[in-house]
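Working notes, beginning with the structure itself.
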Amino acid sequence: MPTWRRIRARDAVEPAPGAGGEDGPVSDELAGVALTHLDDELFEGAGATKRDLVGYLDAVADRMVPVLSGRPLSVIRVRPGSPPFMQKNLPKYAPEWIARTVVWSPASYREITYALGDDHRTLIWFGNQRAVEYHVTLSRADDPAPTHLVIDLDPPEGAPFSAVVATAALVRQALADTGLAGAVKTSGAKGLHVFVPLLPGVSWDDAAGATRALAARAAALDPGVATPAYIVQDREGKVFVDSTRSGGGTVAAAYSPRARPGAPVSFPLGWDDLGSVSPADFTLHTAVAALGSGDPWAAAMPDAVALPEDLLEQGRAIPVARVAAMHEGKRRKRAARTADGDGS
């Protein structure tokens, strides 16, 4: 698991009052950040400009910053005429007042300096950098323990959203049967994310195992609708109950826009509202009005409770999906070579 080292932000100032979103058009300066090229198209197919992005971020900053604060931040940026790309390392030209943390990456064998989305001003700066998506870790920079389990519901190509809603009901039931509860939001793409808060001190291994067990329990409630199968060919057109998000990766934050056609937003929903909406209902243009003055993500998040021992035991017995898939892939290749007469 990563080792965190926090760096104190320097020269931080109190953000200036917002000038965008619900309060009016975005000016050439917002929250102390000079803004440029506001009327450029955000990306092909967005149906929105950079002005729309910055205005949206300004309008939701008081709800989005608590989701980002204290967590290493990765963003997906879109430069004009170029495909989207993920940025983890904070650029050297970034202002010194942006809070940051240094993470040792064993995969690339180097330190990565991540920004921390700790304030309004930082959010606006990233918006001006054409950072469309905001992805955070499931642990904080000052404590490497996971704070949530995440179950990602991913429908197969062409499946209606109703199939994802049906699977979400299975996850909700599996949680309730286990004495747990979670909050749900659109992923900003085709699926849903279910977040389950954890008590302090849960290990990554236990968090990942519990997520695997919950995915298996949800799929077992209706195997004709949902599957925990990691290998795409094994899913048979069912909704994938993805348990791999709780293994130390990142997830699109609540309220984050997505770099997809129509510029959708990852939007918090009530469980009982899932059947009456579509992920496409929530975009840079519509999400602020749908939120009103509330913070549905904070309101929906239940209190954390202890993970039951039987859930942990079940999870420990389920192989890690990526490892199991790697071994299965090698087995299938060997079987294929043998079938073709190119093996023993």
Side-chain angles (χ1 to χ4, degrees), residues 1-4 67 70-72 103 106-107 136-154 164 167-185 187 191-223 225-231 234-235 238-252 254 271 297 300-328:
M1 291 303 120
T3 300
W4 308 111
V67 177
R71 299 178 187 271
V103 180
V136 289
T137 59
L138 295 176
S139 60
R140 297 187 173 90
D142 56 4
D143 183 355
T147 58
H148 297 81
L149 307 180
V150 174
I151 299 174
D152 183 1
L153 305 183
D154 184 16
V164 187
T167 305
L170 301 178
V171 173
R172 188 185 188 189
Q173 185 62 55
L175 288 169
D177 292 345
T178 312
L180 302 173
V184 63
K185 66 181 182 69
S187 66
L192 294 168
H193 291 155
V194 180
F195 275 61
V196 181
L198 296 173
L199 292 173
V202 175
S203 72
W204 280 101
D205 284 344
D206 280 351
T211 311
R212 292 194 297 272
L214 285 167
R217 292 184 181 193
L221 291 172
D222 193 342
V225 171
T227 177
Y230 184 76
I231 299 174
D234 293 344
R235 296 177 193 167
K238 302 169 188 175
V239 175
F240 177 35
V241 187
D242 184 358
S243 62
T244 63
R245 296 285 183 168
S246 293
T250 63
V251 64
W271 286 101
W297 191 236
M301 194 63 65
D303 292 334
V305 298
L307 296 173
E309 186 57 36
D310 67 309
L311 186 74
L312 295 174
E313 289 181 2
Q314 181 181 354
R316 293 177 190 126
I318 299 173
V320 176
R322 286 189 174 91
V323 175
M326 179 183 66
H327 290 305
E328 178 61 16

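All of these numbers come straight from a predicted model, not from anything done at the bench.
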Query raised in the report: Would you call Arg217 and Asp177 a side-chain contact if the rule is heavy atoms closer than 4.5 Å?
Result: no
Query - Residue pair Thr147 / Phe195, side-chain heavy-atom distance below 4.5 Å - result: no
Query raised in the report: Of the non-hydrogen atoms in Pro308 and Thr178, which two are nearest, and what is the gap between them?
Result: CG-O, 3.3 Å
Report summary line: Closest non-hydrogen atoms of Leu170 and Ala226, given as atom of the first, atom of the second and distance, are CD1-CB, 4.0 Å
Any chance you could measure [X], atom [atom1], to [Y], atom [atom2], to the nearest 0.5 Å?
X: Leu138; Y: Leu149; atom1: CG; atom2: CG; answer: 9.0 Å
X: Ser203; Y: Leu312; atom1: OG; atom2: CG; answer: 8.0 Å
X: Lys238; Y: Asp154; atom1: NZ; atom2: CG; answer: 15.0 Å
X: Thr211; Y: Leu198; atom1: OG1; atom2: CG; answer: 7.5 Å
X: Leu180; Y: Leu307; atom1: CG; atom2: CG; answer: 6.0 Å
X: Leu214; Y: Leu175; atom1: CG; atom2: CG; answer: 5.5 Å

Report task. Please report the C-alpha distance between Leu199 and Val305 in whole Å, then the side-chain angles of each, then the deciding distance to 0.1 Å, and finally whether the side chain to side chain contact (heavy atoms under 4.5 Å, CB included) criterion is met. Result -> CA-CA 6 Å; Leu199 292 173; Val305 298; 5.6 Å; no
Give a yes or no answer on whether the side chain of [X] reaches the backbone of [Y] with a donor-acceptor pair at less than 3.5 Å.
X: Trp297; Y: Ala183; answer: no
X: Arg212; Y: Ile318; answer: yes
X: Arg245; Y: Thr250; answer: yes

Query raised in the report: Side chains of Asp310 and Gln314: donor-acceptor distance under 3.5 Å anywhere?
Result: no
Query - Under 3.5 Å side-chain donor-acceptor pair for Asp242 and Thr244 - result: yes
